[in-house]
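The sequence lines fix the lettering, A, B, ..., with proteins before strands; numbering per chain opens at 1. Keep in mind it's a predicted model, so treat the numbers as computed, not measured.
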Amino acid sequence: MTQQTQRLAEVRWDPRALDAKWQARWDRDGLYRWHADGRGEKWYELTMYPYPSGDLHIGHWYAYAPYDAHVRFQRMSGKNVLAPFGFDAFGLPAENAAIRRGIHPHTWTMGNIENMRRQIRSMGCAFTWDQEVVCCLPEFYRWNQWLFLQFFKHGLAYRTRAPAVWCPSCQTVLANEQVVAGRCERCETPITRREMDQWFLRTTRYAEQLLDFSGLVDWPEKILLMQRNWIGRSPGVEVAFDISHLGLEEKGLRVFTTRVDTLYGVTFMVLAPEHPLVPKLTSPERRAAVEAYVEEARRKSDIERLSTEREKTGEFLGTYCINPVNGERVQLFTADYAVAWYATGAVMGVPAHDQRDFDFAKQYGLPVRVVIAPPDWKGAPLAQAYVAEGVHVNSGQFDGMPNSRGVEAMADHLERTGKGKRVITYRMRDWLISRQRYWGTPIPIIYCEKCGTLPVPEGQLPVLLPEDVEFKPTGDSPLARHEGFMRTRCPQCGGEARRESNTIDTFVDSSWYFLRYLSPHDLQHPWDPELARKWLPVDQYTGGAEHAVMHLLYARFFIKALRDMGLVGFGEPFLRLYNQGVILGEDHEKMSKSRGNVVAPDDYVQQLGADVVRCYLMFLGPWDRGGPWSTAGINGAARWLNRVWELMARDPAEQGRDEANPEAERALRSAVHRTLKKVTGDVGAFQFNTAIAAMMELSNAMQDAWEERKAGVAVWREAQESFLLMLAPLAPHLAEELWEKTGRAYSVHQQPWPKWDESLVAAQTITLVVQVNGRVRDRLTVPAGITEAEAKEQAMASANAQKHIGSAQVRQVVYVPGRLVNVVVG
RNA sequence: GCCGGGGUGGCGAAAUGGCAGACGCGGAGGACUUAAAAUCCUCAGCCCGCAAGGGCGUGUGGGUUCAAAUCCCACCCUCGGCACCA
């Protein structure tokens with residue numbers, strides 16, 4: 001309920017007229033058009049394209065305004081910049097709108113794009129609009145299909161039946177990455193599982209390469225860590241437990257363990273309820289109980305199943321397997337604490353050395369056998385699993401060995417005897433890309449009864465989305481009910497065939513959209529190979545950290561795969577990454593409609609102009625941390641720009657004196673050059689808040705200098721000019737207007753970024769701090785070039801320092817050049 | 001539970017071994033005004049003091065150092081990620 005309690009300040013210019021004037025002019029003059037062969041080092045600076053939800057949120061402003069300032073700064077710094085923009089235009093909300101309100105997804109999406117394009121233009125961003133990409137247009141998605149076929153050809157796209165993650169609300173399967181804490185990432189509905197035929201991309205083949213971040217120039221450590229955790233590399237040993245006595249086709253039950261050293265401690269075996277061997281290994285007398293258990297597990301949501309608080313449950317299968325190291329019979333159980341999708345889906349139960357197994361063993365009265373002795377262990381039963389280091393006991397030939405060596409020794413032994421092998425297991429799964437929805441790229445596959453699964457011939461692309469479709473949510477793709485779409489001819493035998501009815505996950509679009517920006521309307525190639533050679537990879541990428549293991553991981557996978565297919569010449573899509581933080585509501589809470597704390601940027605832009613909103617967002621705190629919106633805060637930005645407006649428009653001749661005061665002039669120039677240095681470093685490093693603070697200090701200093709009337713016209717001009725150049729990336733409209741008003745040649749945005757003079761950066765006098773025993777007792781103004789001896793002498797002579805030194809013995813005098821003298825007494 | 005970021009005035013924050021609180025918001029007082037708004041000036045971490053000055057102060061407790069918001073150890077809170085991963 002944080003209604004706008006604060007009144008908005010008034011700005012001294014007409015914000016709507018000023019914004020419109022310059023936006024039209026820049027547009028007309030093609031100021032931000034991309035010249036692929038233009039002068040200057042190429043610089044591809046990309047911001048994550050938005051989903052066209054219909055309205056520009058303050059979060060979009062927070063993502064794009066600082067990004068734009070950085071882009072403009074790079075341009076002024078002499079780089080040849082590509083800064084494209086587009087729309088992630090396929091996806092569920094469009095289809096949901098169609099279901100709810102009967103608007104066609106295409107109509108809804110394109111209308112939203114038009115509106116958002118207008119809103120984004122109102123920010124005054126220097127995007128290269130000519131390169132715009134809209135994913136839902138056939139000119140884009142035909143290449144999605146083409147790329148899918150390349151993956152298919154290279155064995156990187158495949159179809160299989162698997163218990164896929166299902167969102168009952170979105171009525172589609174999801175990728176593992178789209179599940180957050182057992183819920184759909186998009187609508188927070190608890191997910192279930194469904195056995196379905198699905199298309200996958202073989203991301204796991206690249207697991208090892210995706211863990212190699214050496215090709216990146218500058219990514220946040222946090223994102224690397226999240227990707228590392230997601231991939232979840234785990235080296236261990238796969239061991240086969242003999243089941244040949246059961247007379248099945250399968251002779252062994254494979255388990256994966258990272259603790260092969262505990263192999264002698266196995267007292268039971270657990271199979272996930274969905275494990276394919278569960279039915280085969282169940283004895284007739286146990287069948288009813290086991291089937292009931294499996295059925296119950298199937299019904300439970302992942303949230304219920306994965307709760308670690310739950311008591312362990314399971315069912316005895318009535319059969320046994322044989323431990324390969326000691327020949328013991330081991331009881332087989334199914335229990336839902338084993339998950340089917342990880343490793344082999346079966347776990348060896350070592351209750352003495354794994355807490356989960358311990359809990360299960362307690363529950364079912366299974367034996368606990370210690371094989372790694374805790375220090376000073378006398379054979380007493382354990383109260384909980386012992387997971388630390390120790391020495392092997394009850395482990396045959398390995399007794400007496402420290403278990404750290406036992407891990408290697410047993411792995412060697414198993415490999416020698418052919419009963420096991422070292423393997424690396426990954427947590428990451430292959431990427432499930434088929435969706436049972438309409439508003440996406442149709443998967444270009446044809447099913448022929450005679451010829452099987454066939455790719456649509458490239459010459460027949462694109463497979464267009466039919467327009468006349470019924471959008472009822474049924475759990476299957478609306479395309480499946482469109483006979484005109486489904487019915488086709490087999491490209492091989494010419495007989496009747498059916499099309500694939502699923503569409504492609506929109507994260508495929510974003511895995512390569514940055515390549516399409518180079519030549520968005522090219523009908524011959526997905527991207528222009530010449531331009532790609534020159535312009536890729538992306539030099540700087542900015543966007544939210546929420547895409548750490550989805551978009552960013554998929555895109556890295558995609559590019560590595562394209563590289564291996566010979567389609568691109570680089571292996572990492574984004575060299576540098578910067579994640580902006582999240583803008584919160586005025587109440588410091590996450591913005592949401594239900595909290596009523598959502599800030600609508602349009603209102604502020606209308607009243608205060610784009611530049612005020614931009615500057616405030618950059619000033620409110622470090623960009624990567626985000627922070628709460630403040631109406632009072634934005635008034636501060638408006639007031640500052642008001643002062644700037646008035647100060648910069650002044651005619652230096654009005655106050656400039658004929659005989660200027662050299663010291664005052666030097667002080668003003670020094671302030672200007674110090675600010676140039678600071679702002680150059682800060683804006684380059686995305687530290688906009690401190691850059692603006694430094695500019696506020698400079699404008700304050702200039703105001704003081706004006707009142708003192710000691711600086712000459714030339715110095716004053718230099719100060720004004722430098723200020724406006726620094727202001728240009730931050731407040732582009734205002735800077736341009738003032739640049740014009742002060743008689744300078746259009747455009748401020750085409751000026752070179754100003755350089756500072758290092759000799760002017762250094763101050764002439766410094767404040768020397770005098771400490772006694774680390775406490776500040778005096779401050780002296782001394783020449784910057786003061787010698788150590790002089791500094792110490794003056795410090796000792798300070799009356800207040802003397803008072804604290806008194807008659808005590810001076811033990812040490814620490815001198816920090818240019819900063820302080822610390823007299824240590826006592 | 002594990003991993004990572006963060007904790008500094010009334011608020012957003014700055015300072016990454018050397019003057020804590022730059023810059024801004026909010027606040028108080030003053031100028032201008034018939035008045036208000038806007039604008040400008042002054043004050044402003046807390047405590048004692050008329051002042052000069054002094055004491056205390058960067059989540060908590062300890063440590064290293066001439067000197068710690070900053071480095072080290074332990075803990076608390078908070079935000080994010082992962083979580084029965086064998």
Mind jotting down which residue pairs meet the salt bridge (Lys or Arg N to Asp or Glu O under 4.0 Å) criterion with at least one end in residues 690-707 of chain A? Sequence neighbours excluded, please.
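Matches after skipping sequence neighbours: none remain.
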For A:R12, answer base if it contacts any base atom (sugar-phosphate contacts may also be present), sugar-phosphate if it contacts only those atoms, and nothing otherwise; contact means non-hydrogen atoms under 4.0 Å.
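Sugar-phosphate, no base atom in range.
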May I ask you to verify if any side-chain N or O of [X] is less than 4.0 angstrom from the OP1 or OP2 atom of [N]?
X      : N     : value
A:R777 : B:G54 : yes
A:R228 : B:C3  : no
A:H804 : B:G54 : yes
A:N800 : B:G54 : yes

Among residues at least two apart in sequence or on other chains, which ones pass ring-ring contact (aromatic ring centres under 6.0 Å, His included) with [X]?
X      : value
A:F241 : none
A:W431 : A:Y554
A:F688 : A:W623

Taking only residues two or more places apart in sequence or in another chain, which ones pass side chain to side chain donor-acceptor pair (under 3.5 Å) with [X]?
X      : value
A:E589 : none
A:Y426 : A:E208
A:R777 : A:H804

What string of B, S and - do you get for nucleotides 41-52 of chain B 5' to 3' if you count protein non-hydrogen atoms under 4.0 Å?
------------
Once each nucleotide of nucleotides 14-23 of chain B is scored for protein heavy atoms under 4.0 Å, what B/S/- sequence comes out, 5' to 3'?
S---BBS-BB
Tell me which of A:S630 and A:A9 sits closer to the 5' end of RNA chain B, going by the nucleotide each one is nearest to.
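The residue whose closest nucleotide sits nearer the 5' end is A:S630.
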Between [options], spot the one nearest the side chain of [X], thanks.
X      : options             : result
A:V339 : B:A86, B:C66, B:G12 : B:A86
A:R775 : B:U39, B:A86, B:G55 : B:G55
A:L225 : B:A86, B:C3, B:A37  : B:C3

Verify the distance criterion only: is there a donor paired with an acceptor across the side chains of A:D359 and A:Q355 at less than 3.5 Å?
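Side-chain D/A pair, A:D359 to A:Q355: present.
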Pair partner, B:C82 [Watson-Crick or wobble, under 3.5 Å]:
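Paired with B:C82, as far as the under-3.5 Å criterion goes, is B:G1.
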Could you identify the nucleotide paired to B:C19, looking across every strand shown and requiring Watson-Crick or G-U wobble geometry with both distances under 3.5 Å?
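Paired with B:C19, as far as the under-3.5 Å criterion goes, is no nucleotide at all.
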Any salt bridge between A:R595 and A:E586, counting N to O under 4.0 Å?
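No, no charged N to carboxylate O under 4.0 Å.
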